[in-house]
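See structure below.
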Amino acid sequence: MSIDVIIVEDDSRLRSGLVEIVNRDPQCVCVGAFGSGEEAVEKAPALKPQVAVMDINLPGMDGIECVRQLSECLPDLQIVMLTVYQDTNNLFRALAAGAHGYLVKPARARDLLAAIRDIHQGGAPMTSALARKVVDAFRAHAPDAASSSSPASSTEGTGSPLAGELAPREEEVLDLLAQGFSYKEIADKLNVAFGTVHTYVLRIYKKLHVRSKNAAVARWLGYQPESGK
């Protein structure tokens with residue numbers, strides 16, 4: 001089964017190049033390519049794509065707002081940003097809006113295809129430099145988390161604007177997700193079943209009105225989805 005991909009990129013030459021790269025891979029097929037966010041929001045739902053490759057700097061509706069709208073009408077769509085922006089603000093705005101991965105232009109064809117396959121399998125592709133920014137942002141918002149003596153106290157002193165909005169155990173789970181722990185590792189740390197952690201995560205998604213781990217973590221770190229470049 002091939003991975004159905006859409007491209008949202010306003011530069012026509014680059015858009016054509018991305019389509020060619022995707023279609024050259026035996027595991028992928030480009031089912032749509034759009035030059036604006038408005039066109040993508042209008043036409044993509046009928047195509048039922050599995051993965052979207054999204055630019056941020058689009059004419060009219062920017063890529064982050066397009067991510068937010070596509071995530072609402074296509075909740076299973078996995079979105080990887082492909083942009084020149086490397087700043088923390090755009091990174092977290094994209095994640096908070098619903099993006100699942102973030103690559104910086106120019107990306108090599110093999111890296112883009114690897115990201116598409118990774119994100120389709122539930123991964124969160126990101127360069128090591130951007131991943132470091134996520135870690136640094138967490139540390140800046142939660143300077144006391146690393147020195148907590150037990151999981152039960154790990155959310156104390158985090159300074160997260162969401163503190164108090166979630167149940168204590170949900171805060172613990174989200175705090176550990178923000179530190180990069182897997183569901184299995186969280187289950188071991190909290191001495192609960194793997195399925196219990198999954199249930200907590202689903203409750204977190206519902207309360208925070210998000211659809212991905214990255215979006216939940218971005219909200220935990222204080223970044224709100226918003227439109228604008």
Side-chain angles (χ1 to χ4, degrees), residues 3-23 28 30-45 47 49-75 77-116 118-120 123-134 136-137 210-212 214-215 217-219 221-229:
I3 304 171
D4 292 343
V5 181
I6 59 170
I7 307 293
V8 187
E9 166 61 58
D10 64 313
D11 185 311
S12 60
R13 292 182 62 183
L14 177 55
R15 185 169 65 250
S16 296
L18 292 172
V19 170
E20 183 179 350
I21 289 170
V22 170
N23 285 334
C28 303
C30 182
V31 296
F34 311 108
S36 70
E38 290 86 351
E39 185 183 13
V41 169
E42 177 186 357
K43 298 179 179 179
L47 301 173
Q50 297 165 294
V51 174
V53 178
M54 177 78 62
D55 188 17
I56 288 181
N57 189 20
L58 298 171
M61 177 192 299
D62 78 348
I64 293 175
E65 175 61 18
C66 185
V67 167
R68 187 187 68 79
Q69 293 195 28
L70 285 179
S71 295
E72 289 179 355
C73 59
L74 294 167
L77 180 65
Q78 305 294 301
I79 304 173
V80 58
M81 310 306 292
L82 179 61
T83 176
V84 297
Y85 297 119
Q86 302 185 53
D87 60 287
T88 305
N89 182 52
N90 276 297
L91 169 61
F92 277 97
R93 284 179 60 225
L95 296 180
H100 303 81
Y102 201 101
L103 298 180
V104 176
K105 295 177 181 176
R108 292 177 296 185
R110 66 183 183 185
D111 293 335
L112 175 62
L113 293 172
I116 290 172
D118 184 23
I119 206 170
H120 181 252
M126 194 177 299
T127 65
S128 58
L130 292 173
R132 177 59 183 266
K133 289 185 178 184
V134 173
D136 289 345
V210 298
R211 295 180 176 86
S212 73
N214 284 335
V217 169
R219 287 286 314 277
L221 297 179
Y223 291 86
Q224 297 285 344
E226 57 184 66
S227 59
K229 298 177 183 177

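Side-chain atoms are counted along with the backbone in the values below, which use heavy atoms only and exclude waters and symmetry mates.
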Checking R93 against I56 for the side chain to side chain contact (heavy atoms under 4.5 Å, CB included) test, could you report, in this order, the C-alpha distance in whole Å, the side-chain angles of both residues, the deciding distance, and whether it holds? CA-CA 10 Å; R93 284 179 60 225; I56 288 181; 5.5 Å; no
For H120 and Q78, what are the C-alpha separation, side-chain angles and deciding distance, and is it a side chain to side chain contact (heavy atoms under 4.5 Å, CB included)? CA-CA 7 Å; H120 181 252; Q78 305 294 301; 5.7 Å; no
Going through the checks in order, is the side chain to side chain contact (heavy atoms under 4.5 Å, CB included) test met by E9 and V53? CA-CA 8 Å; E9 166 61 58; V53 178; over 6 Å; no
Testing the basics here: between F34 and K43, what is the closest heavy-atom pair and its distance to 0.1 Å? CE2-CB, 3.7 Å
So, for V19 and A33, which heavy atoms are closest and what is the spacing to 0.1 Å? CG2-CB, 3.7 Å
What's the spacing between D118 CG and D111 CG if we round to 0.5 Å? 11.5 Å
I need the Q50 CD to D4 CG distance, nearest 0.5 Å. 5.0 Å
State the CG-CG distance between N23 and L18, to the nearest 0.5 angstrom. 11.0 Å
For V31 and L47 the tightest heavy-atom approach is O-CD1, 3.5 Å
Please report the closest heavy-atom contact between L113 and C28, naming both atoms and the distance. CD2-SG, 4.5 Å
Atom CG in N57, atom CG in D62: separation rounded to 0.5 Å? 8.5 Å
Of all heavy-atom pairs linking L70 and M54, the shortest is CD1-CE, 3.7 Å
Donor-acceptor pair, side chain of E39 and main chain of G35, under 3.5 angstrom: yes
Nearest heavy-atom contact between V8 and S36 is CG1-O, 3.9 Å
Kindly indicate whether the side chain of R15, heavy atoms from C-beta on, has any atom under 4.5 Å from the side chain of S12. yes
Just verifying a value: how many Å separate I64 CD1 and L58 CG, rounded to the nearest 0.5 Å? 10.0 Å
First locate atom CG of L14, then atom CG of L82, and finally report the distance between them rounded to the nearest 0.5 Å. 7.0 Å
